[in-house]
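Everything quoted here is computed from the prediction, not taken from an experiment.
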Amino acid sequence: MTGAYASRARYRRILRFAARYMAQAWWFELFLPRIGLGRLAARGRSRRLQRIAKNFHRLAVSLGGLMIKVGQFMSSRLDVLPPEITKELEGLQDEVPPVAFPAIRMLAEAELGMPLDRAYAWVDPDPVAAASLGQAHRARLLPRDASDAGFEDVVVKVQRPGIDDIVAVDLKALRRVSGWLDRVRIVSDHVDLPVLIEEFADTSMEEIDYLHEAANSERFAESFRGDDRVAVPEIAWERTTRRVLTLEDVTAIKINDVEGLRTAGIDPSEVAKRFAAVMFDQLFLHGFFHADPHPGNIFVTPSGDDWTFTFIDFGMMGEVPERLREGLRRLIIAAASRNGPQLVEAIRQVGVLLPSADTAELERAMTALFARFGGMGFAELQRVDPREFQDFATEFGDVVRAMPFQLPENFLLIIRAVSLTSGVCSGLDPAFNIWDAVEPYADGLLRDERGNVVQAFAREAVTVAGIAARLPRRVDDVLTRLESGKLAVETPRLDARIRSLERIGRRILAGVVFAGLLIGGVLLRSQDAVFGTVLMAVSALPLLYALFAGWATRR
């Protein structure tokens, strides 16, 4: 199979998969509810979503390349996908067979511009790890290179042959599918898919650029310079290109190897506490963090009486830009002052809410949340009736699901890093509480000079005082306009509800007319076949109106 033919076949296979399940979603989620069969459609929704996720899992494993990354990326997009899908995709790993070593040798030699036996003293043909975008082999530097580098044993990461073309095809298909979905209002109102795809494309292109990964490694090491808790493998730059990365072999005890840690005399619960501190230092202090801290990417390296975390694989890194830090600061201040509208505005500033969001219901939900649970400590919350939590969560969840929102890329990576950190720490110490680890950093944000809570409260007090000072005049103005008959009241939500009821009324009337014409046609057909058939045919017009009236106004 030629490369061009294989690329076209891959592209069409992805589009066929997407088209099939988009058509299924249209039928069950849009058409059936429109004709009054919403309960029937909802009855098997969970099973349908699980089946879609399983089929995508199989597709991703069979295609490899970027499709596995798509599944891993989407598994963390709780803002976009229902839990039935994200849960199924959580287990999607790089389940692909390794590339035969001759093909790896050919690519590496072309990149390095020399035979492997001139570039390295030895290369293990069996990979130590194989992934969808590349694979890694242990090797040893030549004596002269080892002398210059300061280390001898290395790991050589080599891209899969043809991965650039595969990524290009996959991104082209994903952009096409996102274009289809973006034309559906129910989708476009809740997520900016083209932006989401471009975020994913940027992340993917960075992951297959090993020069970018090497630069990330050095920047990360600079962040922790002088910090004995963290180590980073050195890069052998003379043997590194965009498709080949040679780095110091730092293999040690995997962070989740509890028995290995105990054998080395290391307390797993202490590892959990220190690991959380290191990760939150990256998030809150350095603003540059490892976004994929799963157990395979962190080793615990014994060193005398102490030990060190050694991070590897810097292809997926995240930053906390100033705008996001400011939004997080406002979130904390709003939560501290229990101000629902201010909290919603902070969420908007962070970029979570899309511009089309009508936040009135969300503000009311936040206000109710603060009124009931605000100020409670963890111990107090534990004494709250679980059924009350469940009822509130259901109501609050309905409001949130109605909001057009998505998690910005930076925020997504933060959540991913925190989630993986929590999972690793809980595996090391079942009693670990992630919130205890976050608290010192939250306090630090509140003490930040630009986020001084006293100043924030003072500004809010001035705002309230100004409103109070203007209140008598504004009341007087309202009364004057009321007396003169010039007061106009706008009720956009009520007007919208009335228009909706009018549309429903017209559709009900059309349905009655349809039923009358159809039944009349059936009854008359036995006496006058022509007239009866005409009535039955004409009944299709009010039926179409009843089914699709409202479609154009919603588009």
Side-chain angles (χ1 to χ4, degrees), residues 15-56 74 78-88 177-178 180-191 193 356 358 361 390-391 393-405 493 496-523 525 532-533 535-555:
L15 293 188
R16 281 199 302 269
F17 181 91
R20 174 185 176 185
Y21 288 108
M22 283 177 61
Q24 185 184 105
W26 174 84
W27 176 261
F28 285 103
E29 305 302 331
L30 295 178
F31 182 76
L32 290 183
R34 191 178 287 277
I35 61 174
L37 298 177
R39 289 187 179 180
L40 176 64
R43 193 175 302 162
R45 180 177 293 120
S46 181
R47 290 193 302 274
R48 286 197 307 274
L49 293 176
Q50 290 174 357
R51 186 166 58 250
I52 291 172
K54 288 179 180 178
N55 289 341
F56 180 81
M74 295 174 73
L78 301 179
D79 56 319
V80 177
L81 295 171
E84 291 89 348
I85 290 182
T86 57
K87 187 172 181 62
E88 174 65 30
V177 173
S178 75
W180 292 346
L181 290 170
D182 199 49
R183 295 190 182 96
V184 182
R185 185 171 179 181
I186 195 173
V187 175
S188 61
D189 278 353
H190 285 77
V191 58
L193 264 181
S356 59
D358 178 3
E361 289 295 331
Q390 181 63 41
D391 292 343
T394 300
E395 182 180 354
F396 189 77
D398 291 340
V399 172
V400 171
R401 278 190 291 273
M403 291 288 103
F405 77 102
R493 294 177 64 84
R497 181 60 61 85
I498 290 174
R499 287 195 297 271
S500 176
L501 290 174
E502 288 175 348
R503 287 196 298 270
I504 292 172
R506 288 195 296 268
R507 292 170 67 184
I508 291 173
L509 178 60
V512 173
V513 173
F514 157 71
L517 290 173
L518 180 65
I519 293 171
V522 171
L523 294 176
R525 197 176 179 204
T533 302
L535 283 182
M536 293 172 65
V538 171
S539 71
L541 297 176
L543 172 63
L544 291 174
Y545 181 86
L547 293 178
F548 301 108
W551 176 267
T553 57
R554 281 195 293 273
R555 293 291 295 168

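Taking OH of Tyr21 as the start and CZ of Arg48 as the end, the distance is 12.0 Å to the nearest 0.5 Å. Taking CG of Leu37 as the reference point, atom CZ of Phe28 lies at 11.0 Å (rounded to 0.5 Å). The distance from atom CG of Leu15 to atom CZ of Arg20, rounded to the nearest 0.5 Å, is 15.0 Å. Of the inter-residue distances, the one linking Arg43 atom CZ with Arg39 atom CZ reads 9.5 Å to the nearest 0.5 angstrom.
Residues Trp180 and Arg183 meet the side-chain proximity criterion, which asks for heavy atoms closer than 4.5 Å.
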